[in-house]
Engineer: 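Have a look at this one before I ask anything.
Residue numbers run from 1 in the order of the sequence given. Keep in mind that this is a model prediction, so the values were computed, not measured.
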Amino acid sequence: MTDNPVDGSNLPTILNFISAAAGLGTAAIGLVDASKAFCGGQSNFGFGFIKTAIERFLPAVDDGPQAFGKADILRTLKSNWINGVPAADQKAKARAMIHLRLTRGDAPALAALAGVKPEVLTSVAQKAMTGDDVTKAEIAVLGQFDAVLAAVLDEAYERADQRYRNTAKLLAVVVAMVLAVGAAWLIQAPPALGAPPPPPYLGSGRFWLAVLVGLVSAPLAPVAKDLATSLQNAISAVRAAKL
């Protein structure tokens with residue numbers, strides 16, 4: 001038994017597969033991203049974590065018909081989330097809007113969430129409205145409230161970003177598999193005149209091969225170029241070692 005020479009004769013076929021699969025993955029990612037045109041599409045995923053966190057700091061109060069209330073705050077934050085505003089800016093805006101609620105009689109309820117004295121946080125809110133100077137004790141209480149708020153917002157935005165990215169990747173894989181399965185069905189040769197009909201496509205080897213190609217294409221797309229280059233270099237190194 002002799003070893004086959006490492007001549008890289010099948011390398012063009014492998015590189016063509018990597019290129020084609022990467023193209024399919026890129027197309028699938030683009031289609032998923034295009035869903036943003038329809039009410040935000042994939043960008044809606046993950047915002048539920050942010051909404052739940054923010055609602056904890058928005059007690060149910062009567063804002064009045066003309067007030068900038070809870071619903072307006074959530075709509076503003078969702079718009080920023082869907083439009084991809086930098087996370088730091090989104091968190092800063094969320095903190096600013098919650099601070100505004102301190103001046104609307106929500107200080108006692110918000111103090112309970114942060115574990116600070118309600119009367120001190122209420123005093124800080126009142127002085128913010130009147131422009132009076134705050135004491136060191138009040139600054140410390142406000143700092144504690146901000147620390148708790150920042151921790152809650154950090155957790156919410158990190159979990160939201162993780163849900164968004166994971167869902168987008170999963171959707172891209174699903175779209176790639178659908179495209180691959182459809183393409184394999186379209187390119188199968190029709191039976192010759194008088195020949196027996198081909199076996200059912202669903203569940204056939206061609207079908208599962210298309211599913212496999214679609215499954216790997218989306219993860220392959222971002223690294224296809226590096227993978228192809230690495231493969232070429234590896235074959236060159238092995239070939240040189242055998243000389």
Engineer: Which heavy atom in Ile54 sits nearest to a heavy atom in Ala94, and how many Å separate them?
Structural biologist: CD1-CB, 3.9 Å
Engineer: Can you check whether Pro118's main-chain N or O pairs, donor with acceptor, with Thr122's side chain at less than 3.5 Å?
Structural biologist: yes
Engineer: Check whether Ile82 and Phe38 end up in the same hydrophobic cluster, where Ile, Leu, Val, Met, Phe, Trp and Tyr are linked by side-chain heavy atoms less than 4.5 Å apart.
Structural biologist: no
Engineer: Check step by step if side chain to side chain contact (heavy atoms under 4.5 Å, CB included) holds for Met177 and Leu212.
Structural biologist: CA-CA 8 Å; Met177 286 194 295; Leu212 179 61; over 6 Å; no
Engineer: Could you tell me which non-hydrogen atom of Ala221 sits nearest to which non-hydrogen atom of Ile29, and how far apart they are?
Structural biologist: CB-CD1, 4.4 Å
Engineer: Nearest 0.5 Å please: distance from the CG atom of Leu215 over to the CH2 atom of Trp208.
Structural biologist: 11.0 Å
Engineer: Which value, rounded to the nearest 0.5 Å, describes the distance between Gln144 atom CD and Leu121 atom CG?
Structural biologist: 10.0 Å
Engineer: Do other residues, nucleotides or ligands put more than 12 heavy atoms under 6.0 Å from the NZ atom of Lys91?
Structural biologist: yes
Engineer: Same cluster for Val181 and Trp185 if Ile/Leu/Val/Met/Phe/Trp/Tyr side chains link at under 4.5 Å?
Structural biologist: yes
Engineer: One thing to verify: whether Asp146 and Arg95 come together as a salt bridge, which I'm taking to mean a side-chain N less than 4.0 angstrom from a carboxylate O.
Structural biologist: no
Engineer: Does Leu24 reach the side chain of Val213, with side-chain heavy atoms less than 4.5 Å apart?
Structural biologist: yes
Engineer: Which atom pair, heavy atoms only, marks the closest approach of Leu110 to Ile98?
Structural biologist: CD1-O, 4.3 Å
Engineer: Is any side-chain heavy atom of Val148 closer than 4.5 Å to a side-chain heavy atom of Val116?
Structural biologist: no
Engineer: Taking C-beta and beyond as the side chain, do Asn166 and Gln162 meet within less than 4.5 Å on heavy atoms?
Structural biologist: yes
Engineer: Count the heavy atoms of every other residue, nucleotide or ligand shown that sit under 6.0 Å from NZ of Lys36, and state whether that count exceeds 12.
Structural biologist: yes
Engineer: Looking only at non-hydrogen atoms, find the nearest pair between Leu220 and Ala21 and report the distance.
Structural biologist: CD2-CB, 3.7 Å
Engineer: Could you grab the distance from atom CD1 of Ile73 to atom CD of Glu55, nearest 0.5 Å is fine?
Structural biologist: 11.0 Å
Engineer: How far does CG of Leu171 sit from OG of Ser35, to the nearest 0.5 angstrom?
Structural biologist: 7.0 Å
Engineer: Answer yes or no: is there a donor N or O on one side and an acceptor on the other, between the side chain of Asn44 and the main chain of Gly41, under 3.5 Å?
Structural biologist: yes
Engineer: Where do Ala172 and Ala28 come nearest, in terms of heavy atoms and distance?
Structural biologist: O-CB, 3.4 Å
Engineer: Give the intermediate values and the outcome of side chain to side chain contact (heavy atoms under 4.5 Å, CB included) for residues Val152 and Arg56.
Structural biologist: CA-CA 10 Å; Val152 172; Arg56 294 174 58 189; 4.1 Å; yes
Engineer: Measure the shortest side-chain to side-chain distance between Tyr157 and Trp81 over non-hydrogen atoms and say whether it is less than 4.5 angstrom.
Structural biologist: yes
Engineer: In Å, rounded to the nearest 0.5 Å, how long is the span from OG1 of Thr76 to CE of Met97?
Structural biologist: 4.0 Å
Engineer: Show, in sequence, the C-alpha distance, side-chain angles and deciding distance for Leu74 and Lys51, and conclude whether the side chain to side chain contact (heavy atoms under 4.5 Å, CB included) test is met.
Structural biologist: CA-CA 7 Å; Leu74 291 176; Lys51 181 180 178 182; 4.2 Å; yes
Engineer: With a 3.5 Å distance limit and no angle check, can you tell me whether Asn83 reaches the backbone of Ser79 through a side-chain donor-acceptor pair?
Structural biologist: yes
Engineer: Hydrogens and angles aside, do Gln42 and Thr167 bring a side-chain donor and acceptor to less than 3.5 Å of each other?
Structural biologist: no
Engineer: How about Phe145 and Val124: do any of their side-chain heavy atoms sit closer than 4.5 Å?
Structural biologist: no
Engineer: What is the minimum heavy-atom distance between Ser217 and Ala176, and which atoms define it?
Structural biologist: OG-CB, 3.2 Å
Engineer: So with a 6.0 Å cut-off around CZ of Arg165, is the heavy-atom count from everything else above 12?
Structural biologist: yes
Engineer: What distance do Phe47 atom CZ and Lys78 atom NZ have between them, rounded to the nearest 0.5 Å?
Structural biologist: 6.5 Å
Engineer: Measure the shortest side-chain to side-chain distance between Thr52 and Phe49 over non-hydrogen atoms and say whether it is less than 4.5 angstrom.
Structural biologist: no
Engineer: Under 3.5 Å, is there a donor-acceptor pair between the side chain of Glu138 and the main chain of Thr135?
Structural biologist: yes
Engineer: Do you reckon Val174 sits in the same ILVMFWY cluster as Phe207, going by side-chain contacts under 4.5 Å, direct or chained?
Structural biologist: no
Engineer: Is any side-chain heavy atom of Asp72 closer than 4.5 Å to one of Arg75?
Structural biologist: yes
